[in-house]
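To start, the structure itself, in structure tokens.
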Amino acid sequence: MRIKDFLHSATALNNISVKGWVRTKRDSKKFSFLEINDGSSLKGIQVVVDESVPGYDQLPATSTGASVNITGKLVESPGQGQQWEVHATEFQLLGTCPDDYPLQKKGHSPEFLRSIAHLRPRTNLFGAAFRLRSRISYAVHRFFQEQDFVHVHTPIITASDCEGAGELFRVTTLHGDIDKQSAEKDFFAKKTFLTVSGQLEAETFACGLGNVYTFGPTFRAENSNTTRHAAEFWMIEPEMAFTDLQGDIDMAEKFVQAMVRAALDECGEDLAFFNQFVDKGLLQRLEAVANAPFERMSYEDAVNALKNSGKTFDHPVEFGVNLQSEHERYLTEELLKCPVTVFNYPKEIKPFYMRLNDDNRTVTAMDLLVPGIGELIGGSQREERLDVLIGNMKKHDLNLADYSWYSDLRKYGTVEHAGFGLGFERLLMFLSGIQNIRDVIPFARTPGHAEF
RNA sequence: UCCUGAGUAGCUCAGUGGUAGAGCGGGUGACUGUUAAUCACUAGGUCGUAGGUUCGAAACCUACCUCAGGAGCCA
């Protein structure tokens with residue numbers, strides 16, 4: 001049993017063992033109070049160690065951060081502030097914690113804790129963040145598995161650039177100036193990279209297994225320094241055969257709502273903590289998202305709404321331009337005050353694989369925007385017509401031979417299909433209110449940073 | 001990569017041209033069924049780095065480094 005179980009115990013218990021780290025110690029003359037946390041929950045448990053307890057002589061050396069093993073009994077607490085406490089019958093100091101331990105009893109800034117990322121799992125904030133991450137990771141699989149989606153492990157090393165998805169990390173075993181050497185001499189006998197998306201490979205499985213999803217690491221060598229970007233992040237990419245854009249949007253909205261519901265239902269204590277210390281409006285916002293339908297708006301309507309907003313934007317809005325952060329923020333945070341899916345973007349600003357609409361000027365792209373984050377999901381119905389796809393690839397200067405396996409999906413038994421990509425860390429930011437992506441991933445990889 | 005801001009004690013910060021400070025944390029002691037305990041005492045700093053201006057620089061100027069926020073790119 002762990003501390004979480006003791007805190008929720010229905011009865012007093014004899015002969016229990018508590019192993020964990022000391023958060024704080026309060027000494028009396030003849031006994032000490034310890035608050036012990038083992039990571040199983042936000043709350044720790046209070047332990048009372050009387051001077052008669054074997055091991056009491058180790059208490060002076062037991063400071064904040066020390067690891068301990070306590071044998072004792074769980075009893076109702078006579079003090080205020082907790083239902084249960086542990087009366088030690090034996091105290092064992094496992095590991096001392098010298099006074100240069102950087103974590104104090106008081107709060108620290110996330111920036112400082114980032115610099116000691118190896119110790120931050122011991123804090124309330126990051127304990128909560130990474131418990132949430134784990135629960136939601138499980139909820140992702142549960143959501144898709146319960147609907148008979150097949151989980152596909154798409155390759156990490158790839159030779160294909162999923163067009164337009166940012167800079168790639170080169171993977172090579174060559175030494176010296178690699179650009180001056182023939183790629184044929186490299187390990188894979190061609191230029192290879194870390195994946196920027198599993199979408200193209202996922203499509204091959206969707207066009208065979210029906211509904212599939214990927215959930216794995218993704219790498220972008222983009223030199224971007226923002227609160228929403230990491231060079232290594234985890235992406236969820238469902239891909240569905242016999243599905244059009246509407247079905248894609250339906251699934252995206254259903255997915256986001258299910259994740260919000262999972263967080264509310266399964267991480268209540270941690271969410272309450274975020275609501276108190278990170279984002280006062282979090283719970284209210286999540287409840288609203290879980291219960292109300294999302295807005296949908298075509299790109300053209302969005303552009304018109306922005307034009308008629310009466311607001312002056314730093315970047316002017318016109319049909320044909322990408323929506324800027326300020327535009328997305330206005331739509332989701334001011335105009336609609338809820339998540340909104342914008343669809344049917346101009347074809348010029350979107351990748352080759354998106355299906356051309358009958359108007360011949362827009363494609364079936366969709367972006368799901370949420371308050372506070374901006375773009376959470378990007379997806380589309382894929383171009384299933386071979387001739388149109390080939391034409392697009394030519395327009396985008398792609399080497400048709402490199403993508404023959406991809407166009408084969410249209411050559412042999414093509415079907416309409418659609419999918420989307422969702423940055424897992426952005427979802428966690430949305431669910432926790434945590435403002436910086438570096439605080440929802442265990443060890444952030446960003447330009448100039450690969451510590452730990 | 002661009003723009004803006006910030007680097008002063010372990011942490012959070014005050015100090016805007018004239019003897020480096022506070023709170024918290026650490027140490028010591030006292031006290032108490034305590035709970036971000038309380039009280040007293042105490043240690044702790046090449047003021048990011050390098051130049052420059054000045055009788056005198058933590059402060060003003062220049063460059064660089066680091067961090068943060070914003071932008072672009074995107075998920």
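Here the structure is a predicted model, which is why all the values come from computation and not from measurement. We name chains A, B, ... by the order of the sequence lines, and we start the count at 1 in each one.
- In this structure, A:Asp99 atom CG and B:G26 atom P are separated by 9 Å, rounded to whole Å.
- Proximity note for A:Ser28 (side chain, C-beta onward) versus B:U32, B:C74, B:A68: the nearest is B:U32.
- Atom C1' of B:G27 sits at a distance of 43 Å from the matching atom of B:G70, rounded to the whole Å.
- Listed pair A:His449 / B:C67 meets the phosphate criterion, a side-chain N or O lying under 4.0 Å from OP1 or OP2.
- Of the side-chain N and O atoms in A:Lys105, none sit less than 4.0 angstrom from OP1 or OP2 of B:G25.
- No hydrogens or angles considered: a donor-acceptor pair under 3.5 Å links the side chains of A:Ser77 and A:Glu85.
- Across all strands shown, A:Gly79 has heavy atoms under 4.0 Å from base atoms, whether or not it also approaches the sugar-phosphate.
- Side-chain atoms of A:Arg26 stay outside donor-acceptor range of the base of B:C31, with no qualifying N/O pair under 3.5 Å.
- Between the side chain of A:Gln104 and the base of B:G10, a donor-acceptor pair under 3.5 Å is found.
- Under a 4.0 Å N-O distance rule, the pair A:Lys4/A:Asp38 does not qualify as a salt bridge.
- Taking A:Leu13 as the reference, A:Met1, A:Phe6, A:Ser9, A:Thr11, A:Ile16, A:Leu74 meet the side chain to side chain contact (heavy atoms under 4.5 Å, CB included) condition, with sequence neighbours excluded.
- Comparing the P positions of B:U49 and B:U66 gives an interatomic distance of 15 Å, to the nearest angstrom.
- Side chains of A:Glu203 and A:Tyr406: a donor-acceptor N/O pair is present below 3.5 angstrom, by distance only.
- Distance check on atom C1': B:G7 versus B:G33 gives 44 Å, rounded to whole Å.
- Among the heavy atoms of the strands, none lies under 4.0 Å from A:Leu427.
- In this structure, A:Glu326 places its CD atom 9 Å from P of B:A71, rounding to the nearest Å.
- B:U16 and B:A58 are spaced 13 Å apart, taking the P atom of each and rounding to whole Å.
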For residues 27-34 of chain A, dump all side-chain donor-acceptor pairs below 3.5 Å to protein atoms at least two apart in sequence or in another chain.
from	atom 1	to	atom 2	distance (Å)
A:Asp27	OD1	A:Ser32	OG	2.5

Can you tabulate the close N/O pairs, meaning under 3.5 Å, that link protein atoms to atoms of nucleotides 1-6 of chain B?
from	atom 1	to	atom 2	distance (Å)
B:U1	OP1	A:Asn223	ND2	2.9
B:U1	O4	A:Asn225	N	3.4
B:U1	O4	A:Asn225	ND2	3.3

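- Among the heavy atoms of the strands, none lies under 4.0 Å from A:Gly374.
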Name each donor-acceptor pair under 3.5 Å that joins a side chain in residues 313-322 of chain A to protein atoms two or more places apart or in another chain, with its distance.
from	atom 1	to	atom 2	distance (Å)
A:His315	ND1	A:Glu326	OE2	3.1
A:Glu318	OE2	A:Lys307	NZ	3.1

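- At B:C74, none of the side-chain N or O atoms of A:Arg220 fall inside 4.0 Å of OP1 or OP2 (strictly under the cut-off).
- Stacking between A:Phe233 and B:A75 is shown: the ring centroid lies under 5.5 Å from the centre of the six-membered base ring, and the planes differ by under 30°.
- Computed from coordinates, the A:Glu239 CD to B:A75 P distance equals 14 Å when rounded to whole Å.
- In this entry the distance linking CD of A:Gln82 with P of B:A37 reads 13 Å, nearest Å.
- The nearest whole Å value for the distance from the CD1 atom in A:Ile116 to the C1' atom in B:C11 is 10 Å.
- Rounded to the nearest Å, the gap between the P atom of B:A57 and that of B:G51 is 14 Å.
- For the residue pair A:Arg23 and A:Asn124, a side-chain donor N or O sits within less than 3.5 Å of a side-chain acceptor on the partner.
- Inspection of the A:Ser380 and A:Arg382 side chains reveals an N or O donor paired with an N or O acceptor under 3.5 Å.
- Using the six-membered ring where Trp is involved, A:Phe255 and A:Phe420 have ring planes that are tilted, between 30° and 60° apart.
- In this structure, A:Thr24 reaches the sugar-phosphate backbone alone: every heavy-atom distance under 4.0 Å involves primed, P, OP1 or OP2 atoms, never a base.
- As judged by a 4.0 angstrom heavy-atom cut-off over every strand, A:Pro78 is placed among the base-contacting residues.
- A close approach under 4.0 Å does not occur between any side-chain nitrogen or oxygen of A:Thr218 and OP1 or OP2 of B:A75.
- Contacts between residues 85-96 of chain A and RNA chain B, defined by a heavy-atom separation below 4.0 Å, involve A:Glu85, A:His87, listed by number.
- A salt bridge is defined here as a Lys NZ or Arg NE, NH1 or NH2 lying under 4.0 Å from an Asp or Glu carboxylate O, and A:Arg296 with A:Glu253 meets this definition.
- Here CZ of A:Arg438 is found 9.0 Å from CD of A:Glu111. Values are rounded to the nearest 0.5 Å.
- Counting only heavy atoms from C-beta on, A:His315 has its side chain closest to B:A71 among B:A68, B:A75, B:A71.
- Within 4.0 Å of A:Phe33, counting heavy atoms only, lies at least one base atom of the nucleic acid.
- Distances shorter than 4.0 Å separate none of the side-chain N or O atoms of A:Gln324 from OP1 or OP2 on B:A71.
- For residues 51-74 of chain A, proximity to RNA chain B is found at no residue, defined as any non-hydrogen atom under 4.0 angstrom from a strand atom.
- In this model, the phosphate group of B:G72 is not approached by any side-chain N or O of A:Arg228 to a distance below 4.0 Å at OP1 or OP2.
- Within the nucleic acid shown, A:Arg438 comes within 4.0 Å of sugar-phosphate atoms alone, with no base atom in reach, counting heavy atoms only.
- Residue A:His229 is classed as a base contact, given a heavy-atom separation below 4.0 Å to a base.
- Of the candidate nucleotides B:C11, B:U12, B:G70, B:U12 has the atom lying nearest to any side-chain atom of A:Ser109.
- Residue A:Arg114 places at least one side-chain N or O closer than 4.0 Å to OP1 or OP2 of B:A68.
- A:Leu376 comes within 4.0 angstrom of sugar-phosphate atoms only, judged by non-hydrogen atoms across all strands, and of no base.
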